[in-house]
Protein chains: 2
Amino acid sequence: MDTPRNDTRQRILDAAEHLFMAHGYDATSMRLITGEAGVNLAAVNYHFGSKEALAQQVFKRRLDWLNTERLRVLDDLEARAKGKPLRPSQIVDAFFGTLLRMAADEDRGGQTFLRLLGRTMGGPAGFIGALFAEEYADVVERYKAALFRALPDVPREEIIWRFHFMLGATSYAIAGTDALQLVTDWKTKKKKDSDSSAAYLQARLMSFLLGGLRAPLPQFD
Amino acid sequence: MDTPRNDTRQRILDAAEHLFMAHGYDATSMRLITGEAGVNLAAVNYHFGSKEALAQQVFKRRLDWLNTERLRVLDDLEARAKGKPLRPSQIVDAFFGTLLRMAADEDRGGQTFLRLLGRTMGGPAGFIGALFAEEYADVVERYKAALFRALPDVPREEIIWRFHFMLGATSYAIAGTDALQLVTDWKTKKKKDSDSSAAYLQARLMSFLLGGLRAPLPQFD
DNA sequence: GTCTATATCATGATAGAC
DNA sequence: GTCTATCATGATATAGAC
């Protein structure tokens with residue numbers, strides 16, 4: 001009896017994740033998806049109901065894990081701090097570092113999903129926005145509150161903006177380097193350490209984010 | 001004889017810019033575009049040849065101006081510096097500040113184009129990537145060189161990464177705040193100064209970018 | 001649950017009258 | 001330059017046999 005045969009669902013999700021990443025949602029037809037998955041065209045509508053519902057499940061499968069993990073890490077940090085505010089670096093690492101560590105885990109979608117995520121978040125606010133809002137709401141609230149406590153001297157409005165900027169820098173870093181890659185020669189130079197490149201990216205991004213988060217307050221003049 | 005009647009071309013470009021921003025490239029049909037522009041369906045193919053060529057012109061119209069302006073500002077700064085390296089803040093403001101100042105200029109497309117740009121740069125690497133590479137190549141080279149001179153102690157590779165991160169934060173800031181707006185209550189609070197909000201955003205973003213650009217170097221351990 | 005075959009529709013593009 | 005009418009294509013979704 002091996003594995004119970006819900007294989008089809010998984011195969012469709014994997015193919016869709018990959019193809020959405022490569023060509024975008026609109027440009028990916030259900031024929032492409034079912035073709036790559038090796039299943040029948042009608043299977044998508046049987047298992048998911050529609051193409052849009054399929055896309056939602058593609059994201060939900062990964063985001064459920066990510067957000068649970070983010071909350072778990074934050075709970076852990078706060079328990080250990082015993083009521084004292086966390087350091088900004090801890091919070092940033094818990095939120096964005098957890099995201100980046102997904103990239104190293106192929107079972108969690110690896111870079112494929114992360115790049116898809118980065119691209120989708122910038123895209124037209126479409127159907128995915130609602131899902132994000134629903135999924136992220138409590139997590140973002142918790143992390144915002146932690147940042148407020150960690151940076152009592154920074155106006156809350158400023159923190160929210162900087163959180164937003166950090167999201168953008170991270171999305172871009174993840175979404176792939178296509179825009180600059182063409183202009184830059186880093187790809188050839190970087191070929192040697194493609195394994196540890198995720199770790200390098202993480203270290204680089206973290207120091208950038210923290211530098212921005214703790215920058216001197218802007219002067220409105 | 002009034003205005004010579006190339007009105008149609010402009011109307012199509014304006015409508016396409018607006019609709020691409022609102023719904024994305026794929027989801028915007030030529031019937032929608034010509035409908036909003038008040039011109040005939042066949043006019044797009046007559047004037048531009050194809051939908052894809054139209055999209056390229058939508059970007060080219062704005063980017064030609066933006067990149068020329070960026071070069072002009074950099075030339076000006078370097079002439080004034082008389083061989084001495086520029087300050088990082090000057091370079092960042094010349095590159096990203098010029099971009100943000102487009103948002104205040106309705107004749108240059110204003111926020112509409114800027115949001116479209118922010119969204120498209122994150123999207124699937126499609127046809128627009130080639131145009132960007134062609135348009136941006138010399139400008140990015142010039143700015144990279146200026147940053148190298150301004151930050152001689154920072155490894156060049158690190159500068160390139162941070163430039164990339166800055167692009168991401170800026171794209172996101174521009175592309176609109178949809179993702180966080182739902183979670184945050186800043187919209188109601190911010191209603192009062194919708195005029196000067198562009199100036200506030202610019203000041204906030206600039207201090208964030210500079211903080212990140214000058215952050216302590218990451219430790220790879 | 002899975003597949004074949006098909007219904008229904010919207011799209012980008014073009015030919016040709018004016 | 002502008003319009004109408006239309007073509008060819010590829011999309012999602014579904015009905016019904018197995």
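Sequence lines set the chain letters: A, B, ... in the order given, protein chains first and strands last, and positions in each chain run from 1.
For B:Thr8, a side-chain nitrogen or oxygen approaches OP1 or OP2 of D:dT2 to under 4.0 Å. Residue A:Asn45 places no side-chain N or O under 4.0 Å from the OP1 or OP2 atom of D:dT12. At D:dA11, one or more side-chain N or O atoms of A:Ser29 fall inside 4.0 Å of OP1 or OP2 (strictly under the cut-off).
In this model, no donor atom of one side chain and acceptor atom of the other lie less than 3.5 Å apart for B:Thr34 and B:Arg11.
Between A:Arg62 and A:Glu17 a salt bridge is recorded (basic side-chain N to carboxylate O distance below 4.0 Å).
Between D:dT2, D:dA13, C:dT2, one nucleotide has an atom nearer to the side chain of B:Tyr46 than all others, and that is D:dT2. Checking C:dT2, C:dA13, D:dT12 against the side-chain heavy atoms of A:Met30 singles out D:dT12 as nearest.
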Given the rule in the side-chain contact (heavy atoms from CB on, under 4.5 Å) test, do B:Lys51 and B:Val44 qualify, once you have shown the distances and angles that lead to the verdict?
CA-CA 7 Å; B:Lys51 183 188 177 185; B:Val44 167; 5.6 Å; no
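Side-chain atoms of A:Arg31 and base atoms of D:dG10 include no donor and acceptor less than 3.5 Å apart.
As judged by a 4.0 angstrom heavy-atom cut-off over every strand, B:Ala42 is placed among the base-contacting residues. Contacts of A:Thr34 with the nucleic acid, taken as non-hydrogen atoms under 4.0 Å apart, are absent.
Taking atom CG of residue B:Asn40 and atom P of nucleotide C:dG16, one finds them 17 Å apart after rounding to whole Å. The CG-P distance, from B:Leu41 to D:dA5, rounds to 13 Å in whole Å.
A donor-acceptor pair is defined here as one N or O able to donate and one able to accept, closer than 3.5 Å; such a pair exists between the side chain of B:Ser207 and the backbone of B:Arg204.
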